[in-house]
Structures are given as structure tokens and as C-alpha cells.
Amino acid sequence: MKQALNFTTETIPGPDELVSVTDGIQWLRLPLPFALNHVNVWLLADGVAGHTVIDTGLNTDQNRNQWDSLLRHGAMKDEVINRVLVTHFHPDHMGLAGWLCERFSVPLWAPRADWMKARILSCDDSDRLTAAGVEFYRRLGVSTQALLNIAQRGNLYTLGVSPVPRSYRRLVDQEIITIGDTDWRVITTPGHAPEMACLYAPTRNILIAADHILPEISPNVSVWGDEPDANPLQEFRQSLAKVKQLVPADCLVLPSHGRPFYGLHDRIDWLDHHHDERLAETLKACATPVTGKDVMVQLFARRLDAQQWGFAMGETVAHLNYLIATGQITKKEDADGILFFEAI
């Protein structure tokens with residue numbers, strides 16, 4: 001399916017560098033130690049020599065040092081952070097929120113469901129959490145050796161985030177928040193995360209799209225062991241339709257990964273069509289009874305690192321659960337509790 005995306009710049013911020021996107025909005029890019037190697041942070045002018053920070057980067061020494069350099073003697077010297085706003089709970093977004101909030105004695109703003117999930121995951125390093133994840137993958141037909149590797153990793157979330165603030169200011173769907181001299185509408189977009197918040201400024205026609213709409217990759221939409229029967233793909237597709245209805249096609253999109261772009265509605269249509277294709281592939285893979293692992297291998301026929309493997313399994317189950325909800329496949333378990341999926 002063709003799409004017409006126009007990128008606003010070839011310039012990408014280097015280390016310790018800010019790039020001005022438009023009046024009052026600066027772009028910071030922080031590294032990630034994964035195949036997806038960066039996350040975008042947006043700095044919005046907010047008062048005299050002040051900023052609201054949208055997302056914060058992963059909790060690593062490298063990212064702390066980059067923030068410290070910017071704040072002490074770099075582009076943000078003598079400037080302050082008035083508010084830390086996190087679009088969703090994932091560690092590349094929530095990671096340094098607590099550290100920045102404490103440094104500047106400012107509040108965290110976040111959607112309720114994502115703040116709660118961040119608090120729970122960051123505080124729970126119990127064996128029961130790991131055991132629940134292992135059992136989730138076992139029922140999907142994952143091998144014993146792979147299950148041992150998963151158990152040994154434990155709760156990786158705690159490594160990726162600084163202490164999540166115990167209190168916060170909730171972002172509510174459709175509310176208007178004022179940052180500097182601009183009013184932004186909060187648009188919650190479940191799917192990729194429980195209650196991810198996008199921000200739209202009608203007077204400036206700018207959408208801060210978080211991970212909901214990315215220009216070059218499809219956002220991961222996964223089922224995880226804490227809610228094995230969830231249907232996040234349905235939520236994601238409903239959220240795409242919601243944004244398309246509320247935000248004009250010609251707005252400037254600021255995504256969390258990749259470059260700012262124009263072409264919002266084309267990109268939404270492409271993402272929706274992409275999942276139609278993946279659902280058809282998933283249904284075809286279930287022509288005979290198969291495990292979730294069997295389907296994942298067919299959908300992702302390439303070598304995957306540990307992080308990609310987890311996302312691939314989660315996204316496979318998201319497509320299976322969507323097809324169950326729409327009455328196109330059935331799910332049955334054998335005597336050992338292993339789940340098998342079959343097209344009706």
C-alpha cells in the first residue's frame with residue numbers, strides 16, 4: 001500500500017545537541033542499546049527559561065550523562081524543567097522521569113494506567129512475577145531451554161527506570177493542558193501501552209504522537225503474561241481511527257522514533273492495512289492446530305535477538321487474540337495446559 005510521507009528535515013540531533021523543530025519545540029535524541037537505537041524527547045517552551053519535557057529516555061549512565069551535560073554547560077544551561085510529562089510506561093519513555101522530577105522538584109504528568117503499571121513493575125522483583133511470565137510462554141509452546149533463559153533474565157523493567165514517583169498528575173483523555181502559550185489536547189491511545197497519551201495543539205496543528213504512529217516502523221502491539229487474554233490490537237486499531245477523526249491530515253507529526261513528518265492519515269491507513277495483512281497471515285498459519293510459538297515462527301521468519309523475540313511472541317498472541325474475539329479461530333488446551341489455535 002502506497003503512502004505519502006514528507007519528512008521535515010534530514011538533520012538528526014547529535015549527542016548533547018538540540019534541534020529546533022518549530023518555535024518553542026526542540027528535539028533531543030537519546031540512544032537505546034537495541035535494534036531500535038534511539039528515542040525522541042521533545043522540549044516545549046514553558047515560561048521564562050523553562051521547559052516541559054515530553055518523555056525522558058532509558059535509565060542508563062550514558063543518558064544521565066547526556067542530560068547532565070545539556071543542563072550544566074550545554075544547550076540547556078541556566079534553564080529549568082518545570083514539568084516532566086511521560087506519554088506511557090515503557091522504560092525508554094519513563095526511564096529517567098523520577099530522576100528528573102527529583103532533580104528539579106517538579107511533578108510527573110502521566111496517564112493513570114501507565115503510571116500504575118510503571119509503579120507495579122518497578123517495585124516487583126519477586127519470583128512470582130518471573131514465574132508468571134515463564135508460565136505464559138510455556139502455554140504457548142516455548143521450549144524448556146528458552147523458558148530457562150527467560151527465568152534467568154528476571155524483571156528487566158527495574159533496570160530501565162529510575163524510581164518512579166509515588167505521586168503524579170493524571171493526564172485525562174480530551175482534557176486541555178497549557179504548556180507555555182499553547183493549549184494541547186490529550187488524546188489517549190490504548191494498544192501499544194495501556195493508556196498512552198498523544199498531545200495535539202489545534203492552533204499550531206502539531207501532534208506529539210508518542211509511539212502510536214511512527215513513520216518507518218509499525219509500533220509493537222503485544223499481549224504479555226499479566227493479561228494473557230487481552231485484545232490490544234483491537235484497542236490499537238480503534239485508537240488509530242480515533243486519531244484520524246480528531247486530528248487533520250495535514251498536521252505536523254512528532255513521533256517518538258524516527259523523524260518529524262507530514263502525512264498522518266496516509267500513515268494511519270498504512271498501519272491499519274499492515275495489520276489486515278498480518279491477521280490474514282496469522283489465520284493461514286492456523287489452518288491446522290498450532291501453538292503460539294509455531295505461529296510466531298511463521299510470522300517472523302528471521303533471526304531475532306532476545307528483545308525482538310519477546311516482542312514477536314507478544315505481537316503474535318495479539319493477532320491470535322484478535323482473531324479469537326472476531327470468531328475466526330478457536331483456542332483449546334491439551335492435558336499439559338499447552339494452548340492450540342485453529343481456524344474455524
Side-chain angles (χ1 to χ4, degrees), residues 36 39-40 54-55 85-94 97 108-122 136 157 161 164 168-177 184-200 207-215 217-247 251 253-257 264-265 267-276 278-279 282 310-326:
L36 182 58
V39 63
N40 296 329
I54 311 291
D55 294 328
L85 190 155
V86 173
T87 58
H88 61 294
F89 81 97
H90 292 161
D92 51 331
H93 300 260
M94 182 67 78
L108 170 69
W109 293 48
R112 175 190 283 170
D114 285 81
W115 173 78
M116 292 177 67
K117 189 149 189 177
R119 282 289 297 168
I120 291 168
L121 284 176
S122 65
F136 171 67
Y157 189 82
V161 297
V164 177
Y168 77 114
R169 197 290 200 178
R170 183 187 177 191
L171 293 171
V172 179
D173 186 44
Q174 301 305 314
E175 75 167 318
I176 303 298
I177 63 173
W184 296 82
R185 173 187 283 183
V186 177
I187 304 174
T188 55
T189 55
H192 175 73
E195 200 182 1
M196 181 166 59
C198 300
L199 301 175
Y200 176 61
L207 175 70
I208 298 176
D211 279 357
H212 186 53
I213 300 163
L214 304 176
I217 61 173
S218 174
N220 179 255
V221 179
S222 279
V223 172
W224 303 100
D226 57 350
E227 195 179 354
D229 296 321
N231 190 358
L233 183 55
Q234 181 183 52
E235 293 179 317
F236 177 72
R237 301 185 84 179
Q238 290 171 342
S239 296
L240 289 176
K242 177 182 180 179
V243 171
K244 189 174 182 181
Q245 178 183 16
L246 293 174
V247 182
C251 78
V253 183
L254 306 183
S256 286
H257 307 279
L264 174 67
H265 288 192
R267 187 58 181 164
I268 288 173
D269 290 344
W270 187 94
L271 289 167
D272 209 36
H273 179 71
H274 165 75
H275 284 291
D276 279 336
R278 296 300 267 176
L279 286 165
T282 303
F311 287 158
M313 280 300 305
E315 187 140 329
T316 297
V317 181
H319 285 78
L320 288 168
N321 284 1
Y322 186 98
L323 290 169
I324 291 170
T326 54

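Because the structure is predicted, anything quoted here is derived from the model rather than measured.
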Side-chain contact test, heavy atoms from C-beta onward, threshold under 4.5 Å: evaluate it for Leu108 versus Trp115 and give yes or no. yes

Yes or no on side chain to side chain contact (heavy atoms under 4.5 Å, CB included) for Arg237 and Asp276, after CA distance, side-chain angles and deciding distance? CA-CA 10 Å; Arg237 301 185 84 179; Asp276 279 336; 2.7 Å; yes

Under 3.5 Å donor-acceptor, Asp92 side chain and Val39 backbone: no

Check against side chain to side chain contact (heavy atoms under 4.5 Å, CB included), Asp173 and Lys242: CA-CA 12 Å; Asp173 186 44; Lys242 177 182 180 179; 3.1 Å; yes

Value for CZ (Phe311) from CG (Asn220), rounded to nearest 0.5 Å, stands at 5.5 Å

Pro111 backbone acceptor or donor facing Glu195 side chain under 3.5 Å: no

What are the two closest heavy atoms between Ile213 and Leu264, and how far apart are they? CD1-CD1, 3.5 Å

Spacing of Leu171 atom CG and Trp184 atom CH2 [to the nearest 0.5 Å]: 13.0 Å

Hey, are the side chains of Val161 and Leu121 touching, using non-hydrogen atoms and a 4.5 Å cut-off? no

What is the minimum heavy-atom distance between Pro232 and Ser222, and which atoms define it? CG-O, 3.4 Å

pair His90-Asp55: side-chain heavy atoms closer than 4.5 Å: no

Atom of Leu199, atom of Ile54 and distance for their closest heavy-atom approach: CD1-CD1, 3.9 Å

Look only at the side chain of Asp114 and the backbone of His88, and say whether a donor-acceptor pair between them is shorter than 3.5 Å. no

Other residues, nucleotides and ligands only: do more than 12 of their heavy atoms fall within 6.0 Å of CD on Gln174? yes

Flag the pair Asp272 and Lys244 as a salt bridge only when some basic side-chain nitrogen lies within less than 4.0 angstrom of an acidic carboxylate oxygen. no

Could you give me the CA-CA distance, side-chain angles and deciding distance for Arg185 and Leu246, then say whether side chain to side chain contact (heavy atoms under 4.5 Å, CB included) is met? CA-CA 10 Å; Arg185 173 187 283 183; Leu246 293 174; 3.5 Å; yes

With a 3.5 Å cut-off and no angle check, do the side chains of Asp211 and His93 form a donor-acceptor pair? yes

According to salt bridge (charged side-chain N to carboxylate O under 4.0 Å, His left out), who are the partners of Arg169, at least two apart in sequence or on a separate chain? Glu175

Distance only, no hydrogens: is a donor on one side chain within 3.5 Å (strictly under) of an acceptor on the other, for Tyr168 and Arg119? no

Should Thr282 and Thr316 count as side-chain neighbours, where that means a heavy-atom distance under 4.5 Å? no

Steps toward ring pair (Phe, Tyr, Trp, His ring centres under 6.0 Å) verdict (Tyr322, His275): CA-CA 11 Å; Tyr322 186 98; His275 284 291; 8.8 Å; no

Could you tell me the separation between the NE2 atom of His273 and the CD1 atom of Ile268, rounded to the nearest 0.5 Å? 15.5 Å

To the nearest 0.5 Å, tell me how far Arg112 CZ sits from Thr188 OG1. 12.0 Å

To check you understand the geometry: which heavy-atom pair defines the closest contact between Lys117 and Pro194, and what is its length? CD-CG, 4.0 Å

Would you say the side chain of Leu279 lies within less than 4.5 Å of the side chain of Leu323, judging by non-hydrogen atoms? yes

For residues Pro190 and Ser239, report the shortest heavy-atom separation together with the two atoms involved. O-OG, 2.8 Å

Backbone N or O of Gln234 within a donor-acceptor pair of the Asn321 side chain at under 3.5 Å? no

To the nearest 0.5 Å, what is the distance between CG on Asn231 and NE2 on His319? 10.5 Å

Under 3.5 Å donor-acceptor, Thr189 side chain and Met196 backbone: yes

Out of curiosity, His257 NE2 to Ile217 CD1, how far, rounded to the nearest 0.5 Å? 6.5 Å

Quick one: does Val317's side chain get under 4.5 Å of Pro228's, heavy atoms only? no

Shortest non-hydrogen contact from Ala230 to Val223? O-CG2, 3.7 Å

Just checking Gln238: does its CD atom have more than 12 heavy atoms from other residues, nucleotides or ligands closer to it than 6.0 angstrom? yes

